[in-house]
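Just so you know, residue 1 is the first one in the sequence shown, and it goes up from there. When reading the values below, keep in mind they use all heavy atoms of this one structure, side chains included, and skip hydrogens, waters and symmetry mates. Counting starts at 1 for both ligands and their atoms, following the listed order.
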Amino acid sequence: MRILVLGGDGFLGWPTALHLSARGHDVAVLDSFVRRQYDFELGTSSLVPISNLHRRVGTWHDVSGKTVTPIIGDLTDAEVVQRAFRHFEPDAVVHFAEQRSAPYSMIDRSHAVYTQTNNLVGTLNVLFAIAEYDPDIHLVKLGTMGEYGTPNIDIEEGFIEITHRGRTDTLPFPKQPGSFYHLSKVHDSDNIAFTCRTWGLRATDLNQGIVYGQQTPETGLDPALANRFDYDAVFGTVLNRFIVQAVVGHPLTVYGKGGQTRGMLNILDTLACVELALLNPPNAGEYRVFNQFTESWSVSEMAELVTGALPGKHSIEHLVDPRTEAEEHYYRAAHTKLLDLGLVPHLLNDEVIGSIAELVAKHRDRIDPRVIRPAVQWRPTRPPSHPTSVAADGSPARRESVR
Ligand code: USQ
(Lines give C-alpha, C1' and ligand atoms only; values in the text may rest on other atoms or scores of the structure.)
Protein backbone atom coordinates (compact mmCIF):
# COMPACT_ATOMS: atom_id res chain seq x y z
CA MET A 1 0.00 0.00 0.00
CA ARG A 2 0.99 3.62 -0.48
CA ILE A 3 0.40 5.17 2.93
CA LEU A 4 0.58 8.86 3.78
CA VAL A 5 1.23 9.38 7.51
CA LEU A 6 0.07 12.84 8.60
CA GLY A 7 1.97 14.09 11.65
CA GLY A 8 4.74 11.64 10.77
CA ASP A 9 7.42 13.46 12.79
CA GLY A 10 5.54 13.05 16.10
CA PHE A 11 5.47 10.63 19.04
CA LEU A 12 3.19 8.12 17.30
CA GLY A 13 3.45 9.22 13.67
CA TRP A 14 7.19 8.60 13.38
CA PRO A 15 7.26 5.03 14.82
CA THR A 16 4.12 4.18 12.82
CA ALA A 17 5.76 5.37 9.59
CA LEU A 18 8.84 3.20 10.27
CA HIS A 19 6.71 0.19 11.26
CA LEU A 20 4.72 0.40 8.01
CA SER A 21 7.85 1.00 5.93
CA ALA A 22 9.56 -2.02 7.55
CA ARG A 23 6.58 -4.14 6.49
CA GLY A 24 7.05 -3.22 2.85
CA HIS A 25 4.54 -0.40 2.38
CA ASP A 26 5.46 2.77 0.48
CA VAL A 27 5.34 5.49 3.11
CA ALA A 28 5.39 9.29 3.01
CA VAL A 29 5.22 11.48 6.11
CA LEU A 30 3.75 14.95 6.15
CA ASP A 31 4.55 17.25 9.06
CA SER A 32 4.71 20.98 9.86
CA PHE A 33 7.07 20.51 12.87
CA VAL A 34 4.63 22.38 15.10
CA ARG A 35 5.05 19.71 17.81
CA ARG A 36 8.70 20.76 18.11
CA GLN A 37 7.51 24.39 18.26
CA TYR A 38 5.25 23.66 21.29
CA ASP A 39 8.40 22.61 23.18
CA PHE A 40 10.03 25.98 22.45
CA GLU A 41 6.88 27.72 23.61
CA LEU A 42 6.64 25.71 26.84
CA GLY A 43 10.37 25.68 27.60
CA THR A 44 10.69 21.91 27.60
CA SER A 45 12.07 19.20 25.34
CA SER A 46 11.89 15.48 24.69
CA LEU A 47 13.70 13.45 27.36
CA VAL A 48 15.30 11.39 24.59
CA PRO A 49 17.16 13.55 22.05
CA ILE A 50 15.56 13.40 18.61
CA SER A 51 17.05 14.12 15.19
CA ASN A 52 15.45 16.35 12.60
CA LEU A 53 13.17 14.68 10.06
CA HIS A 54 15.68 14.76 7.18
CA ARG A 55 18.30 13.03 9.32
CA ARG A 56 15.68 10.55 10.50
CA VAL A 57 14.59 9.47 7.01
CA GLY A 58 18.22 9.45 5.79
CA THR A 59 19.25 7.16 8.65
CA TRP A 60 16.24 4.92 8.02
CA HIS A 61 17.35 4.55 4.41
CA ASP A 62 20.90 3.73 5.55
CA VAL A 63 19.86 1.05 8.04
CA SER A 64 16.94 -0.53 6.15
CA GLY A 65 17.47 0.33 2.49
CA LYS A 66 13.89 1.66 2.47
CA THR A 67 12.64 5.11 1.56
CA VAL A 68 10.25 7.21 3.62
CA THR A 69 9.37 10.38 1.71
CA PRO A 70 9.23 13.56 3.80
CA ILE A 71 6.68 16.22 2.87
CA ILE A 72 6.84 19.49 4.83
CA GLY A 73 3.65 21.45 5.27
CA ASP A 74 0.65 22.36 7.38
CA LEU A 75 -2.69 20.59 6.94
CA THR A 76 -4.61 23.80 7.60
CA ASP A 77 -3.30 24.97 4.18
CA ALA A 78 -5.59 23.21 1.70
CA GLU A 79 -3.04 23.68 -1.12
CA VAL A 80 -0.45 21.71 0.89
CA VAL A 81 -2.88 18.83 1.36
CA GLN A 82 -3.94 18.77 -2.31
CA ARG A 83 -0.30 18.85 -3.42
CA ALA A 84 0.63 15.98 -1.07
CA PHE A 85 -2.19 13.85 -2.49
CA ARG A 86 -1.25 14.65 -6.12
CA HIS A 87 2.44 14.06 -5.48
CA PHE A 88 2.22 10.83 -3.42
CA GLU A 89 -1.08 9.28 -4.66
CA PRO A 90 -1.87 7.42 -1.40
CA ASP A 91 -4.09 4.34 -1.06
CA ALA A 92 -4.57 5.14 2.63
CA VAL A 93 -3.99 8.07 4.97
CA VAL A 94 -3.11 7.70 8.67
CA HIS A 95 -3.94 10.97 10.44
CA PHE A 96 -2.00 11.79 13.63
CA ALA A 97 -1.50 15.48 12.75
CA GLU A 98 -3.41 17.17 15.54
CA GLN A 99 -2.64 19.18 18.68
CA ARG A 100 -3.08 16.29 21.13
CA SER A 101 -2.59 17.70 24.61
CA ALA A 102 -5.65 18.35 26.81
CA PRO A 103 -3.76 20.74 29.16
CA TYR A 104 -2.35 22.69 26.17
CA SER A 105 -5.89 23.25 24.90
CA MET A 106 -6.94 24.55 28.35
CA ILE A 107 -4.12 27.13 28.81
CA ASP A 108 -6.31 30.04 27.73
CA ARG A 109 -8.69 31.24 25.03
CA SER A 110 -6.04 31.41 22.31
CA HIS A 111 -4.85 27.85 22.91
CA ALA A 112 -8.42 26.53 22.90
CA VAL A 113 -9.16 28.36 19.64
CA TYR A 114 -5.86 27.26 18.14
CA THR A 115 -6.45 23.58 19.07
CA GLN A 116 -9.92 23.43 17.60
CA THR A 117 -9.04 25.47 14.49
CA ASN A 118 -5.91 23.44 13.80
CA ASN A 119 -7.55 20.06 14.37
CA LEU A 120 -10.89 20.69 12.67
CA VAL A 121 -9.59 22.63 9.65
CA GLY A 122 -6.76 20.14 9.05
CA THR A 123 -9.15 17.19 9.11
CA LEU A 124 -11.69 18.98 6.89
CA ASN A 125 -8.94 19.67 4.34
CA VAL A 126 -8.00 15.98 4.39
CA LEU A 127 -11.64 14.92 3.88
CA PHE A 128 -12.03 17.30 0.93
CA ALA A 129 -8.74 16.11 -0.58
CA ILE A 130 -9.87 12.46 -0.34
CA ALA A 131 -13.27 13.27 -1.86
CA GLU A 132 -11.75 15.26 -4.73
CA TYR A 133 -8.70 13.12 -5.39
CA ASP A 134 -9.97 9.55 -4.83
CA PRO A 135 -12.95 8.72 -2.57
CA ASP A 136 -11.65 5.13 -2.28
CA ILE A 137 -8.71 6.24 -0.10
CA HIS A 138 -9.11 4.78 3.40
CA LEU A 139 -8.78 7.39 6.17
CA VAL A 140 -7.45 5.97 9.45
CA LYS A 141 -7.95 8.80 11.93
CA LEU A 142 -6.72 8.96 15.53
CA GLY A 143 -9.60 9.80 17.83
CA THR A 144 -9.56 9.31 21.59
CA MET A 145 -11.31 7.30 24.32
CA GLY A 146 -11.73 10.69 25.98
CA GLU A 147 -14.47 11.49 23.48
CA TYR A 148 -16.84 9.39 25.60
CA GLY A 149 -15.92 10.88 28.97
CA THR A 150 -16.83 8.79 32.01
CA PRO A 151 -20.57 7.94 31.79
CA ASN A 152 -22.23 5.83 34.47
CA ILE A 153 -22.97 3.08 31.91
CA ASP A 154 -20.79 0.71 29.86
CA ILE A 155 -19.08 2.44 26.91
CA GLU A 156 -19.67 0.74 23.55
CA GLU A 157 -17.43 0.85 20.48
CA GLY A 158 -18.69 3.97 18.77
CA PHE A 159 -22.39 3.14 18.63
CA ILE A 160 -25.19 2.13 21.02
CA GLU A 161 -28.52 0.49 20.28
CA ILE A 162 -31.27 2.58 21.83
CA THR A 163 -34.96 1.76 22.16
CA HIS A 164 -36.96 4.92 22.65
CA ARG A 165 -40.76 5.04 22.87
CA GLY A 166 -41.08 1.65 21.24
CA ARG A 167 -38.65 2.30 18.33
CA THR A 168 -35.06 1.07 18.08
CA ASP A 169 -32.01 2.51 16.32
CA THR A 170 -28.22 2.23 16.48
CA LEU A 171 -26.85 5.71 17.18
CA PRO A 172 -23.47 7.30 17.97
CA PHE A 173 -22.55 6.68 21.62
CA PRO A 174 -23.11 9.88 23.66
CA LYS A 175 -19.99 12.06 24.01
CA GLN A 176 -19.01 13.97 27.16
CA PRO A 177 -15.37 14.99 26.60
CA GLY A 178 -13.33 16.71 29.29
CA SER A 179 -11.23 19.34 27.46
CA PHE A 180 -11.26 21.55 24.37
CA TYR A 181 -8.76 19.10 22.88
CA HIS A 182 -11.00 16.08 23.48
CA LEU A 183 -13.93 18.12 22.11
CA SER A 184 -11.97 18.72 18.89
CA LYS A 185 -11.86 14.95 18.35
CA VAL A 186 -15.63 14.72 18.87
CA HIS A 187 -16.19 17.43 16.26
CA ASP A 188 -13.79 15.62 13.90
CA SER A 189 -15.70 12.36 14.40
CA ASP A 190 -18.95 14.07 13.40
CA ASN A 191 -17.33 15.60 10.31
CA ILE A 192 -15.81 12.26 9.27
CA ALA A 193 -19.05 10.31 9.81
CA PHE A 194 -20.92 12.98 7.82
CA THR A 195 -18.60 12.66 4.81
CA CYS A 196 -18.88 8.86 4.87
CA ARG A 197 -22.67 9.17 4.93
CA THR A 198 -22.87 11.94 2.36
CA TRP A 199 -19.95 11.41 -0.02
CA GLY A 200 -19.42 7.67 0.43
CA LEU A 201 -15.92 7.97 1.95
CA ARG A 202 -14.49 5.08 4.02
CA ALA A 203 -12.97 5.81 7.43
CA THR A 204 -11.80 4.16 10.62
CA ASP A 205 -11.88 6.32 13.77
CA LEU A 206 -9.44 4.85 16.29
CA ASN A 207 -10.58 5.95 19.74
CA GLN A 208 -7.25 5.48 21.40
CA GLY A 209 -6.53 5.37 25.14
CA ILE A 210 -3.39 6.67 26.85
CA VAL A 211 -0.18 5.40 25.26
CA TYR A 212 2.87 4.46 27.34
CA GLY A 213 6.38 3.45 26.32
CA GLN A 214 8.63 5.06 23.72
CA GLN A 215 10.86 2.62 21.87
CA THR A 216 9.81 0.34 19.01
CA PRO A 217 11.91 -2.24 17.15
CA GLU A 218 12.57 0.27 14.34
CA THR A 219 13.23 3.43 16.42
CA GLY A 220 15.70 1.43 18.54
CA LEU A 221 17.91 0.59 15.54
CA ASP A 222 19.93 3.83 15.65
CA PRO A 223 20.03 6.88 17.98
CA ALA A 224 19.12 9.06 14.96
CA LEU A 225 15.83 7.11 14.68
CA ALA A 226 14.92 7.62 18.36
CA ASN A 227 11.36 8.53 19.24
CA ARG A 228 10.44 11.49 21.45
CA PHE A 229 9.53 11.04 25.14
CA ASP A 230 7.47 13.72 26.92
CA TYR A 231 7.41 13.99 30.70
CA ASP A 232 6.31 17.61 31.26
CA ALA A 233 2.87 18.38 32.75
CA VAL A 234 1.45 19.57 29.41
CA PHE A 235 2.48 16.89 26.90
CA GLY A 236 3.69 14.07 29.15
CA THR A 237 1.08 11.37 29.72
CA VAL A 238 0.41 9.86 33.09
CA LEU A 239 2.27 6.54 33.14
CA ASN A 240 5.40 7.80 31.39
CA ARG A 241 5.38 10.79 33.77
CA PHE A 242 5.09 8.56 36.86
CA ILE A 243 8.08 6.50 35.71
CA VAL A 244 10.21 9.65 35.20
CA GLN A 245 9.13 10.94 38.63
CA ALA A 246 10.05 7.65 40.30
CA VAL A 247 13.46 7.58 38.59
CA VAL A 248 14.40 11.11 39.73
CA GLY A 249 12.94 10.73 43.25
CA HIS A 250 10.07 13.19 42.68
CA PRO A 251 6.80 12.31 44.46
CA LEU A 252 4.37 10.75 41.98
CA THR A 253 1.84 13.46 41.09
CA VAL A 254 -1.59 11.84 41.47
CA TYR A 255 -4.24 14.47 40.72
CA GLY A 256 -7.06 14.46 43.28
CA LYS A 257 -8.30 11.14 44.62
CA GLY A 258 -6.69 9.16 41.77
CA GLY A 259 -9.81 7.15 40.98
CA GLN A 260 -9.76 8.49 37.39
CA THR A 261 -9.78 5.33 35.29
CA ARG A 262 -8.58 5.25 31.70
CA GLY A 263 -7.95 2.79 28.88
CA MET A 264 -4.19 2.30 28.37
CA LEU A 265 -2.00 0.71 25.72
CA ASN A 266 1.63 0.05 24.93
CA ILE A 267 3.04 2.06 21.99
CA LEU A 268 3.76 -1.28 20.26
CA ASP A 269 0.02 -1.93 20.21
CA THR A 270 -0.66 1.48 18.62
CA LEU A 271 1.46 0.39 15.65
CA ALA A 272 -0.24 -3.01 15.46
CA CYS A 273 -3.74 -1.49 15.66
CA VAL A 274 -3.09 1.04 12.89
CA GLU A 275 -1.70 -1.72 10.69
CA LEU A 276 -4.71 -3.98 11.40
CA ALA A 277 -7.10 -1.16 10.48
CA LEU A 278 -5.19 -0.53 7.23
CA LEU A 279 -5.13 -4.21 6.25
CA ASN A 280 -8.88 -4.62 6.92
CA PRO A 281 -10.47 -1.53 5.37
CA PRO A 282 -14.15 -0.62 5.78
CA ASN A 283 -16.59 -0.64 2.86
CA ALA A 284 -17.18 2.46 0.78
CA GLY A 285 -19.50 4.76 2.76
CA GLU A 286 -18.70 3.01 6.05
CA TYR A 287 -17.64 4.99 9.14
CA ARG A 288 -16.44 2.61 11.83
CA VAL A 289 -15.04 3.13 15.31
CA PHE A 290 -12.54 0.92 17.15
CA ASN A 291 -11.81 1.49 20.84
CA GLN A 292 -8.02 1.25 20.79
CA PHE A 293 -6.75 0.27 24.24
CA THR A 294 -5.86 -3.02 25.90
CA GLU A 295 -6.53 -2.61 29.65
CA SER A 296 -7.94 -0.09 32.13
CA TRP A 297 -6.20 1.27 35.20
CA SER A 298 -7.00 4.04 37.67
CA VAL A 299 -4.39 6.74 38.21
CA SER A 300 -3.78 5.51 41.79
CA GLU A 301 -3.35 1.93 40.57
CA MET A 302 -0.79 3.14 38.02
CA ALA A 303 1.13 5.01 40.74
CA GLU A 304 1.18 1.88 42.89
CA LEU A 305 2.27 -0.29 39.96
CA VAL A 306 5.20 2.04 39.26
CA THR A 307 6.33 2.36 42.88
CA GLY A 308 6.02 -1.42 43.31
CA ALA A 309 7.98 -2.23 40.15
CA LEU A 310 10.99 0.03 40.67
CA PRO A 311 13.62 -0.44 43.38
CA GLY A 312 14.15 2.26 46.01
CA LYS A 313 11.85 4.35 48.16
CA HIS A 314 9.10 6.30 46.37
CA SER A 315 6.33 8.58 47.55
CA ILE A 316 2.94 9.42 46.09
CA GLU A 317 1.52 12.93 46.47
CA HIS A 318 -2.20 13.69 45.96
CA LEU A 319 -2.26 17.17 44.40
CA VAL A 320 -5.45 19.24 44.15
CA ASP A 321 -6.73 18.16 40.73
CA PRO A 322 -5.94 20.98 38.26
CA ARG A 323 -8.54 19.46 35.91
CA THR A 324 -12.30 19.38 36.18
CA GLU A 325 -12.97 15.64 36.03
CA ALA A 326 -14.62 12.86 38.04
CA GLU A 327 -12.01 11.67 40.56
CA GLU A 328 -13.95 8.46 41.24
CA HIS A 329 -16.35 6.90 38.77
CA TYR A 330 -17.69 3.78 37.07
CA TYR A 331 -15.66 2.71 34.02
CA ARG A 332 -16.15 -0.22 31.70
CA ALA A 333 -15.47 0.20 27.98
CA ALA A 334 -15.79 -2.35 25.18
CA HIS A 335 -12.64 -3.04 23.14
CA THR A 336 -13.16 -6.21 21.13
CA LYS A 337 -13.05 -5.12 17.48
CA LEU A 338 -9.25 -4.91 17.19
CA LEU A 339 -8.87 -8.16 19.15
CA ASP A 340 -11.24 -9.75 16.63
CA LEU A 341 -8.94 -8.55 13.83
CA GLY A 342 -6.01 -10.31 15.53
CA LEU A 343 -4.45 -7.83 17.96
CA VAL A 344 -2.22 -9.59 20.51
CA PRO A 345 -1.83 -7.04 23.33
CA HIS A 346 1.41 -6.20 25.13
CA LEU A 347 0.13 -5.88 28.69
CA LEU A 348 1.57 -3.72 31.44
CA ASN A 349 3.81 -5.45 33.96
CA ASP A 350 6.88 -4.83 36.12
CA GLU A 351 9.21 -5.76 33.27
CA VAL A 352 7.70 -3.17 30.91
CA ILE A 353 7.86 -0.49 33.62
CA GLY A 354 11.46 -1.51 34.35
CA SER A 355 12.54 -1.20 30.72
CA ILE A 356 10.96 2.26 30.37
CA ALA A 357 12.68 3.28 33.65
CA GLU A 358 16.01 2.05 32.28
CA LEU A 359 15.65 4.28 29.24
CA VAL A 360 14.65 7.23 31.45
CA ALA A 361 17.66 6.66 33.73
CA LYS A 362 19.95 6.79 30.67
CA HIS A 363 18.78 10.33 29.94
CA ARG A 364 18.12 11.52 33.51
CA ASP A 365 20.56 14.46 33.15
CA ARG A 366 18.16 15.98 30.63
CA ILE A 367 15.21 16.05 33.06
CA ASP A 368 14.13 19.56 34.10
CA PRO A 369 12.26 19.22 37.43
CA ARG A 370 10.59 22.61 36.83
CA VAL A 371 8.29 21.23 34.11
CA ILE A 372 6.99 18.30 36.17
CA ARG A 373 4.32 19.97 38.34
CA PRO A 374 1.05 20.93 36.63
CA ALA A 375 0.52 24.65 36.02
CA VAL A 376 -2.51 24.63 33.70
CA GLN A 377 -5.89 24.95 35.45
CA TRP A 378 -9.11 23.84 33.78
CA ARG A 379 -11.06 26.90 35.01
CA PRO A 380 -10.19 30.19 33.30
CA THR A 381 -8.81 32.88 35.57
CA ARG A 382 -10.18 36.42 35.37
CA PRO A 383 -7.62 38.90 33.96
CA PRO A 384 -6.45 41.33 36.69
CA SER A 385 -8.31 44.67 36.59
CA HIS A 386 -4.99 46.50 37.05
CA PRO A 387 -2.03 45.27 35.05
CA THR A 388 0.65 43.97 37.39
CA SER A 389 3.50 44.64 34.98
CA VAL A 390 4.20 46.92 32.05
CA ALA A 391 6.07 46.32 28.81
CA ALA A 392 9.12 48.36 27.82
CA ASP A 393 6.93 50.84 25.92
CA GLY A 394 4.79 51.46 29.02
CA SER A 395 1.75 49.47 27.79
CA PRO A 396 0.30 46.64 29.93
CA ALA A 397 2.37 43.46 29.52
CA ARG A 398 0.49 40.92 27.43
CA ARG A 399 0.26 37.32 28.56
CA GLU A 400 0.17 36.04 25.00
CA SER A 401 1.79 32.86 23.83
CA VAL A 402 3.91 32.53 20.72
CA ARG A 403 0.94 31.15 18.86
N1 USQ B 1 -2.98 12.59 35.77
C2 USQ B 1 -2.49 12.54 37.08
N3 USQ B 1 -1.21 12.94 37.29
C4 USQ B 1 -0.38 13.36 36.29
C5 USQ B 1 -0.87 13.39 34.97
C6 USQ B 1 -2.18 13.01 34.75
O7 USQ B 1 -3.21 12.16 38.00
O8 USQ B 1 0.77 13.72 36.58
C9 USQ B 1 -4.35 12.15 35.49
C10 USQ B 1 -5.22 13.18 34.80
O11 USQ B 1 -5.87 14.03 35.71
C12 USQ B 1 -6.19 12.30 34.01
C13 USQ B 1 -5.35 11.06 33.69
O14 USQ B 1 -4.24 11.08 34.58
O15 USQ B 1 -7.25 11.92 34.83
C16 USQ B 1 -4.84 11.01 32.27
O17 USQ B 1 -4.10 12.18 31.97
P18 USQ B 1 -3.04 12.20 30.78
O19 USQ B 1 -2.42 13.55 30.75
O20 USQ B 1 -2.16 11.02 30.84
O21 USQ B 1 -4.00 11.93 29.49
P22 USQ B 1 -5.04 12.85 28.72
O23 USQ B 1 -4.97 14.26 29.12
O24 USQ B 1 -6.38 12.18 28.84
O25 USQ B 1 -4.56 12.76 27.21
C26 USQ B 1 -3.76 11.69 26.72
C27 USQ B 1 -3.15 12.15 25.40
C28 USQ B 1 -4.27 12.41 24.39
C29 USQ B 1 -5.14 11.17 24.26
C30 USQ B 1 -5.66 10.73 25.61
C31 USQ B 1 -6.38 9.41 25.56
O32 USQ B 1 -2.37 13.31 25.58
O33 USQ B 1 -3.73 12.78 23.14
O34 USQ B 1 -6.23 11.44 23.42
O35 USQ B 1 -4.55 10.55 26.53
S36 USQ B 1 -7.70 9.34 26.71
O37 USQ B 1 -7.20 9.66 28.03
O38 USQ B 1 -8.28 8.03 26.64
O39 USQ B 1 -8.65 10.37 26.31
Side-chain angles (χ1 to χ4, degrees), residues 7 10-13 35 38 95-107 115 118-119 141-150 155 175-186 188-189 205-213 228-246 250-265 267 269-270 273 289-306 316-329 331 333 335 369 371-378:
F11 171 59
L12 297 176
R35 175 66 193 88
Y38 303 146
H95 182 9
F96 286 102
E98 298 207 323
Q99 193 299 96
R100 66 100 182 136
S101 157
Y104 189 87
S105 76
M106 300 301 291
I107 291 175
T115 300
N118 181 70
N119 294 2
K141 161 71 165 52
L142 269 292
T144 172
M145 283 302 292
E147 292 186 34
Y148 302 116
T150 52
I155 294 171
K175 307 286 178 77
Q176 302 183 88
S179 73
F180 287 117
Y181 151 71
H182 288 98
L183 274 156
S184 75
K185 296 278 191 182
V186 174
D188 279 339
S189 294
D205 209 342
L206 297 175
N207 279 352
Q208 183 164 245
I210 303 173
V211 178
Y212 59 85
R228 59 178 305 123
F229 187 114
D230 303 307
Y231 65 95
D232 62 286
V234 177
F235 276 90
T237 48
V238 60
L239 188 63
N240 279 1
R241 273 169 59 71
F242 284 173
I243 295 172
V244 167
Q245 293 164 1
H250 190 289
L252 272 61
T253 54
V254 170
Y255 299 166
K257 293 187 182 136
Q260 303 94 312
T261 304
R262 299 289 184 269
M264 309 287 298
L265 74 163
I267 190 168
D269 291 337
T270 296
C273 291
V289 179
F290 295 163
N291 289 349
Q292 181 164 310
F293 70 98
T294 58
E295 51 194 333
S296 307
W297 298 97
S298 76
V299 168
S300 285
E301 285 168 341
M302 284 184 243
E304 277 155 26
L305 272 175
V306 170
I316 295 174
E317 186 182 357
H318 285 263
L319 304 178
V320 174
D321 196 337
R323 306 184 182 199
T324 304
E325 61 184 351
E327 294 175 19
E328 281 172 324
H329 56 88
Y331 196 78
H335 56 110
V371 301
I372 289 181
R373 286 185 169 267
V376 178
Q377 297 290 326
W378 251 229

Looking at [atom], what's its closest protein heavy atom, distance included?
{"atom": "atom 31 (C) of ligand 1", "value": "Thr144 OG1, 3.3 Å"}
{"atom": "atom 16 (C) of ligand 1", "value": "Ile210 CD1, 3.5 Å"}
{"atom": "atom 28 (C) of ligand 1", "value": "Arg100 O, 3.3 Å"}
{"atom": "atom 13 (C) of ligand 1", "value": "Val299 CG2, 4.0 Å"}
{"atom": "atom 6 (C) of ligand 1", "value": "Tyr255 CE1, 3.6 Å"}
{"atom": "atom 20 (O) of ligand 1", "value": "Val238 N, 2.7 Å"}
{"atom": "atom 38 (O) of ligand 1", "value": "Met145 CB, 3.3 Å"}

Checklist entry - Just going by heavy-atom distances, which of Thr253, Thr237, Thr261 is nearest to atom 26 (C) of ligand 1? => result Thr237

Next on the checklist: Quick test of your reading of the structure: of Gln292, Met302, Arg323, whose heavy atom lies closest to atom 22 (P) of ligand 1?
Outcome noted: Arg323

Item to check | Any residue meeting side chain to side chain donor-acceptor pair (under 3.5 Å) with Ser179, in chain and number order, not counting sequence neighbours | outcome: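 Partners of Ser179 under the side chain to side chain donor-acceptor pair (under 3.5 Å) test: His182.
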
Could you tell me whether the side chain of [X] and the main chain of [Y] form a donor-acceptor pair under 3.5 Å?
{"X": "Glu327", "Y": "Lys257", "answer": "yes"}
{"X": "Asn119", "Y": "Gln99", "answer": "yes"}
{"X": "Gln260", "Y": "Gly258", "answer": "yes"}
{"X": "Arg241", "Y": "Ile372", "answer": "yes"}
{"X": "Arg100", "Y": "Tyr181", "answer": "no"}
{"X": "Trp378", "Y": "Asp321", "answer": "no"}

Next on the checklist: So if I apply the side chain to side chain donor-acceptor pair (under 3.5 Å) rule between Glu317 and each of His250, Gln245, Arg373, which one comes out positive?
Outcome noted: Arg373

Checklist entry - In terms of heavy-atom contacts, does CZ of Phe180 have more than 12 from other residues, nucleotides or ligands at under 6.0 Å? => result no

Close N or O approach ([X], ligand 1; < 3.5 Å):
{"X": "Ala102", "result": "no"}
{"X": "Arg241", "result": "yes"}
{"X": "Gly263", "result": "no"}
{"X": "Gln245", "result": "no"}

For ligand 1, which part of [X] has a heavy atom less than 4.0 Å away: the side chain, the backbone, both, or neither?
{"X": "Tyr181", "answer": "side chain"}
{"X": "His182", "answer": "side chain"}
{"X": "Glu325", "answer": "side chain"}

Checklist entry - Between Tyr38 and Tyr104, how do the two ring planes meet: parallel, tilted or perpendicular, split at 30° and 60°? => result tilted

Next on the checklist: Minimum heavy-atom separation for Phe229 and Val244, please, with both atom names.
Outcome noted: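 So the minimum-distance heavy-atom pair works out to CE2-CG2, 3.6 Å.
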
Which atoms of ligand 1 sit under 4.0 Å from any heavy atom of [X]?
{"X": "Gly146", "value": "36 (S), 38 (O), 39 (O)"}
{"X": "Arg262", "value": "15 (O), 37 (O)"}
{"X": "Gln208", "value": "31 (C), 38 (O)"}
{"X": "Gly209", "value": "31 (C), 38 (O)"}

Checklist entry - When Met302 is tested against each of Leu252, Leu239, Val254 for side chain to side chain contact (heavy atoms under 4.5 Å, CB included), which residue passes? => result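 Output: one option passes, namely Leu239.
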
